[in-house]
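So that the names make sense, note that chain A is the first sequence line, chain B the second, and so on, each numbered from 1. This structure is a prediction, so every number in the text was calculated from the model and none was measured.
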Amino acid sequence: MEEIQVVVGGAARTVPRGTTPADILGSKSKALAARFDGRPVDLDRPLTGNGALEPIDPGSSEALEILRHSTSHLMAEAVRALFPGVKVSIGPAIETGFYYDFDYDKTFTPEDLPRIEREMARLMKRNHKFTRQEIPRSEAIALFTDMGEPYKVELLEELTDDTVSLYRQGDFVDLCRGPHIPHSGRVPAFKLLSVAGAYWRGDENRRQLQRIYGTAFFTKEELDQYLHFLEEAKRRDHRRLGRDLDLFSIHDEVGAGMVIWHPKGGLLRMLIEDFERQEHLRRGYQIVVGPQILKTALWERSGHYDNYRENMYFTEVDGIGYGIKPMNCLSHMFIYKSRIRSYRDLPQRYFELGVVHRHEKSGVLHGLTRVRQFTQDDAHLLCRPDQVNDEIKGVIDLVIDVMNVFDFEYELELSTRPEKSIGSDEDWELATLALRTSLEEKGLPYQVNEGDGAFYGPKIDIKLKDALGRRWQCATIQCDFTLPERFDLTYMGEDGQRRRPVMIHRVILGSIERFIGVLVEHFAGAFPVWLSPVQTILLTVTDRADDHARMILNRLRAEGLRVEADLRNEKLGFKIREAQLQKIPYMLVLGDEEVEAGGATVRARSGEDLGFQTIDAFIDRLRPEAARPRFG
RNA sequence: GCCGACGUAGCUCAACGGUAGAGCAGCUGAUUCGUAAUCAGCAGGUUGUCGGUUCAAGUCCGACCGUCGGCUCCA
């Protein structure tokens, strides 16, 4: 009998060819699958060559992915059993669970989910094995054609391999690369979550299928924890908190995707915007302002008309077409062009809190995070080619500093040329290289998204991570060789020759609206003191403390602190509850004792009792927390 | 834009095709109270809009508007 060498846990073993990982790992192993020579394999997959074997044990992210993938097969089996005639398509594991897309003439409703769950539980009890089978592709095509599964056939027809693998559990067969858990009895905890439409292969021109989302975990506790996380996310939803904290509102009478900022939200914006203005001035930016509408002819020249028209609004003034700006770059180029620039003048850094309008498809609008009018903390840097690298690194530094100020973690992504784009191959290569080099030199890890760039240039996107680990696109740095060309921007070089500057588009927070939405959810509405619309509230126990409260109110206001007083004839517990729900950082309790002692008893938003303090002591405590952050 | 669900008082939600209701919030009054809800009373609505079916529509049908969950797109 032929033998093979398998390395397990550092020790080499010689076993007969065809031995399975399960045989080698032994019956005590908890593994769900294994990794052989780096490739995930089923436990019952006969090994045919030498290699290193590692178990994939529950608890690893890889095991979770396999579990969820197998659960999606189990769900597909249940759906097939309950809804005869349903066509299956694909069902992968995703970050939060899994889904499976079906084509069925009736639509699934949320009420179907418990039924499907029960069927899954029933099927699970049969402990069906997931068995792998390898057959020629042509045979698989014939098989799925006979089964009336056109989506599988389409997938098979696009594969180039000669053999493909099928997985069976019970009566259910699916085209699948695997691996899977040994049998369907090993799904400890799962739940189906929602139904939604999804285009076949993500293409909006193709048939829309019905997607069922679910999730699975190794323990009931982890599942409960995840469901609790969903609850927590709901509790933090900025749309709810935005109303409860009286920050903003959106009305259908006004228009979808149009935000109205209330006084507290307006204040929050002002605090963030002032912080940004100061920080940009400090870093050598100049503050500029451009018009809201610019002639359509200009958008034609810039390429926006050809590439971005469907997202723009147009109007007419005195018979001449105008486009409402969806981006701020055009007027910035006119600032540059307003005089002759020397190589000594560069870089020019124009910063604008620019209000832009974009016609987003109705179905994508969402609270503050997806709107049709928003303010960008936008800047355009015009520099010499030899300055690009330093400029990009400067922007990355700014992004990192700002992310730290707002207490966010972040991830970096490099996006390359999309299909719909303008400019020469050479320029694209150069620009992409410039971004890549800057990232490398900063020593920052990043992920590459092929074809995800803007139509005028490649970009670095910064995805921030909020307190619940969700990722949001905010900052983006885009390199552009095209617009300077189209608008014939030049500078006088050292040698007296006209040269072409490079343009870098960048935002830090991105959209102020979206950023505030994310900020609200990140802090669950409990903003740091410097961003809290109300920093301190004075709570009187009886009206005997009213004069004392008024005196403190004036003192704190004179210090530039944001204070309110609750002098209503209500019980202290009631006032505390309201202040707590408003997430006000400090509550000063004022009763007879405090009037007598000439101070206040301080309660923090955390519930912590900070005891009696004099007003001076309280001001000393609050002042540093209330100050706008500074660097350096 | 597409698929699905939904739209009733400021908010959260009830009401079989047969007189639109509750809690919270609001207003008025009483209560002077010590760390997350004091009590009582009052008021609050063209049931998203428009059209249709019906003796009768919040309820059934259609269109539109909007919201929510996704898809596609994206700051």
Side-chain angles (χ1 to χ4, degrees), chain A residues 99 101 107-112 193-213 234 237 239-240 243-244 246 249-257 308 310-311 326-328 354 356 358-378 418 452 454 459 461-463 472-476 478 505-515 517-518 539-546 568-582 587-594 601-605 607-610:
Chain A
Y99 67 77
D101 286 349
T107 52
F108 300 129
T109 66
E111 291 76 56
D112 290 326
L193 298 169
S194 59
V195 266
Y199 299 107
W200 169 233
R201 317 203 79 172
D203 182 343
E204 62 179 321
N205 299 312
R206 310 217 38 191
R207 187 172 170 83
Q208 192 155 36
L209 308 177
Q210 299 187 62
R211 175 170 298 180
I212 301 180
Y213 282 95
K234 215 166 158 185
D237 192 320
R239 294 166 298 185
R240 161 183 285 275
R243 191 183 52 232
D244 291 350
D246 201 14
S249 57
I250 298 173
H251 309 258
D252 25 332
E253 298 97 316
V254 175
Y308 207 70
E310 60 273 26
N311 283 296
M327 299 181 191
N328 303 300
V356 296
R358 296 185 184 176
H359 180 216
E360 300 294 344
K361 292 177 180 181
S362 59
V364 307
L365 301 175
H366 182 93
L368 292 180
T369 60
R370 205 63 193 279
V371 293
R372 284 180 172 158
Q373 179 196 310
F374 58 100
T375 303
Q376 290 184 305
D377 60 338
D378 204 1
D452 250 4
K459 57 179 184 172
D461 283 331
I462 293 92
K463 298 258 162 81
W472 299 91
Q473 161 83 66
C474 289
T476 172
Q478 309 176 345
H505 309 241
R506 47 107 287 188
V507 291
I508 306 297
L509 304 180
S511 142
I512 303 293
E513 281 74 4
R514 171 178 294 179
F515 185 75
V518 174
L539 308 178
T540 49
V541 178
T542 71
D543 55 14
R544 292 188 296 279
D546 284 6
R568 292 176 301 173
N569 180 13
E570 296 287 353
K571 292 168 92 166
L572 181 62
F574 181 82
K575 294 184 182 186
I576 286 178
R577 177 182 158 80
E578 289 204 347
Q580 198 73 46
L581 291 173
Q582 287 298 305
M587 292 159 233
L588 303 194
V589 174
L590 308 172
D592 292 340
E593 297 163 30
E594 288 77 12
T601 301
V602 183
R603 178 191 159 105
R605 174 169 60 189
E608 195 187 350
D609 179 1
L610 301 175

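- For the P atoms, the distance linking B:U35 with B:A20 amounts to 47 Å, nearest Å.
- Look at B:C42: its Watson-Crick or wobble partner, with both distances under 3.5 angstrom, is B:G26.
- Checked options A:R239, A:K234, A:R240; the residue passing with A:D237 is A:R239 (criterion: salt bridge (charged side-chain N to carboxylate O under 4.0 Å, His left out)).
- Only the P atoms considered, B:A37 is 16 Å distant from B:G26, to the nearest whole Å.
- Side-chain nitrogen and oxygen atoms of A:K575 include none within less than 4.0 Å of the OP1 or OP2 phosphate oxygen of B:G34.
- Minimum atom distance to the side chain of A:R577 is reached by B:A37, of the listed B:A37, B:G34, B:A75.
- Within the nucleic acid shown, A:V589 comes within 4.0 Å of at least one base atom, counting heavy atoms only.
- Within 6.0 Å of CZ on A:R568 lie more than 12 heavy atoms contributed by other residues, nucleotides or ligands.
- When the P atom of B:A36 is taken as reference, atom CD of A:E608 falls 15 Å away, rounded to whole Å.
- In the set B:U67, B:G1, B:U35, the nucleotide with an atom closest to the side chain of A:T601 is B:U35.
- With distances taken from any side-chain atom of A:R370 to the nucleotides B:U67, B:A36, B:A75, the minimum falls on B:A75.
- Nucleic acid contact class of A:Q473 (heavy atoms, under 4.0 Å, all strands): sugar-phosphate only.
- Put simply, A:R544 has a side-chain N or O that comes within less than 4.0 Å of OP1 or OP2 on B:C33.
- Using a 4.5 Å heavy-atom cutoff, the side chains of A:V356 and A:N328 are in contact.
- Remark: B:C13 base-pairs with B:G21; criterion is Watson-Crick or G-U wobble with both hydrogen-bond distances under 3.5 Å.
- Across all strands shown, A:V356 has no heavy atoms under 4.0 Å from either base or sugar-phosphate atoms.
- Rounded to the nearest Å, the gap between the C1' atom of B:A43 and that of B:C2 is 45 Å.
- Comparing B:U32, B:G34, B:A75 against the side chain of A:N569 picks out B:U32 as the nearest.
- Distances from the side chain of A:D543 to the nucleotides B:A36, B:U72, B:U32 place B:U32 closest.
- When atom types are taken as modelled, the side chain of A:E570 and the backbone of A:L572 share no donor-acceptor pair closer than 3.5 angstrom.
- Nearest to the side-chain atoms of A:A198 among the listed nucleotides B:G4, B:G69, B:C71 stands B:C71.
- If you check distances only, the side chain of A:Y199 never reaches the base of B:G70 with a donor-acceptor pair under 3.5 Å.
- Following rounding to the nearest Å, A:N205 (CG) and B:C71 (P) show an atom-to-atom distance of 17 Å.
- Remark: B:C73 base-pairs with no nucleotide in the shown strands. Criterion, Watson-Crick or G-U wobble with two distances under 3.5 Å.
- The nucleotide B:U32 finds no pairing partner, because no Watson-Crick or G-U wobble arrangement with both distances shorter than 3.5 Å includes it.
- Looking at A:N311, its side chain has no donor and acceptor atom pair within 3.5 Å of the base of B:C74.
- Contact check on A:D203 versus A:R201 returns no salt bridge, with no Lys/Arg side-chain nitrogen under 4.0 Å from an Asp/Glu carboxylate oxygen.
- Residue-level contact check: A:G510 touches the backbone only, with heavy atoms under 4.0 Å from sugar-phosphate atoms and none from bases.
- With the nearest nucleotide of RNA chain B identified for both A:H359 and A:E204, A:H359 has the one nearer the 5' end.
- Rounded to whole Å, the separation between the P atoms of B:G52 and B:G29 comes to 49 Å.
- B:A75 atom C1' lies 10 Å from atom CG of A:D378, rounded to whole Å.
- Atoms CE and CG, from A:M587 and A:L610 in turn, are 10.5 Å apart once rounded to the nearest 0.5 Å.
- Distance check: A:D244 CG to A:L581 CG gives 8.0 Å after rounding to the nearest 0.5 Å.
- Atom CD1 of residue A:I508 and atom CG of residue A:D377 lie 6.0 Å apart, to the nearest 0.5 angstrom.
- Side-chain proximity of A:K459 to the nucleotides B:C33, B:A75, B:A25 is greatest for B:A75.
- Nucleic acid contact class of A:L581 (heavy atoms, under 4.0 Å, all strands): base.
- Side chain A:E360 to base B:G1: no donor-acceptor pair is found below 3.5 Å.
- Looking at heavy-atom distances under 4.0 Å, A:K463 makes no contact with the nucleic acid at all.
- When rounded to the nearest whole Å, the span between CG of A:D244 and P of B:U12 equals 9 Å.
- Proximity of A:H366 to the phosphate of B:G69: a side-chain N or O atom is located under 4.0 Å from OP1 or OP2.
- B:A56 and B:G69 have their C1' atoms separated by 36 Å, given to the nearest Å.
- As judged by a 4.0 angstrom heavy-atom cut-off over every strand, A:G591 is placed among the base-contacting residues.
- If you check every strand for non-hydrogen atoms under 4.0 Å, A:R239 touches sugar and phosphate atoms only.
- Distance, A:D252 CG to B:C6 C1': 14 Å, rounded to whole Å.
- Across all strands, A:R358 comes closer than 4.0 Å to base atoms (heavy-atom distances).
- Side-chain to base pairing of A:Q582 with B:A36: no donor and acceptor N or O lie closer than 3.5 Å to each other.
- Looking at heavy-atom distances under 4.0 Å, A:R514 makes contact with a base.
- Within 4.0 Å of A:E578, counting heavy atoms only, lies no atom of the nucleic acid at all.
- Where A:V195 and A:R605 each meet RNA chain B at their nearest nucleotide, the meeting point lying more 5' is that of A:R605.
- In this structure, A:S362 reaches the B:G1 phosphate: one of its side-chain N or O atoms is under 4.0 Å from OP1 or OP2.
- B:A75 sits 29 Å from B:G4 when the P atoms are compared, rounded to a whole Å.
- One can place CD1 of A:I212 at 15 Å from C1' of B:C71, the figure rounded to the nearest angstrom.
- A donor and an acceptor atom, one from each side chain of A:Q580 and A:R603, are located under 3.5 Å apart.
- For B:U47 and B:U19, the P atoms lie 15 Å apart once the distance is rounded to whole Å.
- Contact annotation for A:G363: base contact, defined as any heavy-atom pair under 4.0 Å involving a base atom.
- B:G7 and B:C65 make up a base pair, with Watson-Crick or G-U wobble contacts both under 3.5 Å.
- For the pair A:H359/A:E310, no side-chain contact is recorded, criterion being any heavy-atom separation below 4.5 Å from C-beta on.
- Distance noted for atom P between B:G51 and B:C11: 25 Å (whole Å).
- Nucleic acid contact for A:E570: base, since at least one base atom lies under 4.0 Å from a heavy atom of the residue.
- At a threshold of 4.0 angstrom between heavy atoms, the contacts of A:Y213 are confined to the sugar-phosphate backbone, with no base atom among them.
- Of all nucleotides present, only B:G52 satisfies the Watson-Crick or G-U wobble test against B:C60, with each distance under 3.5 Å.
- If you check distances only, the side chain of A:Q208 does reach the base of B:C2 with a donor-acceptor pair under 3.5 Å.
- Residue A:K361 places its side chain closer to B:G1 than to any other of B:U38, B:G1, B:G34.
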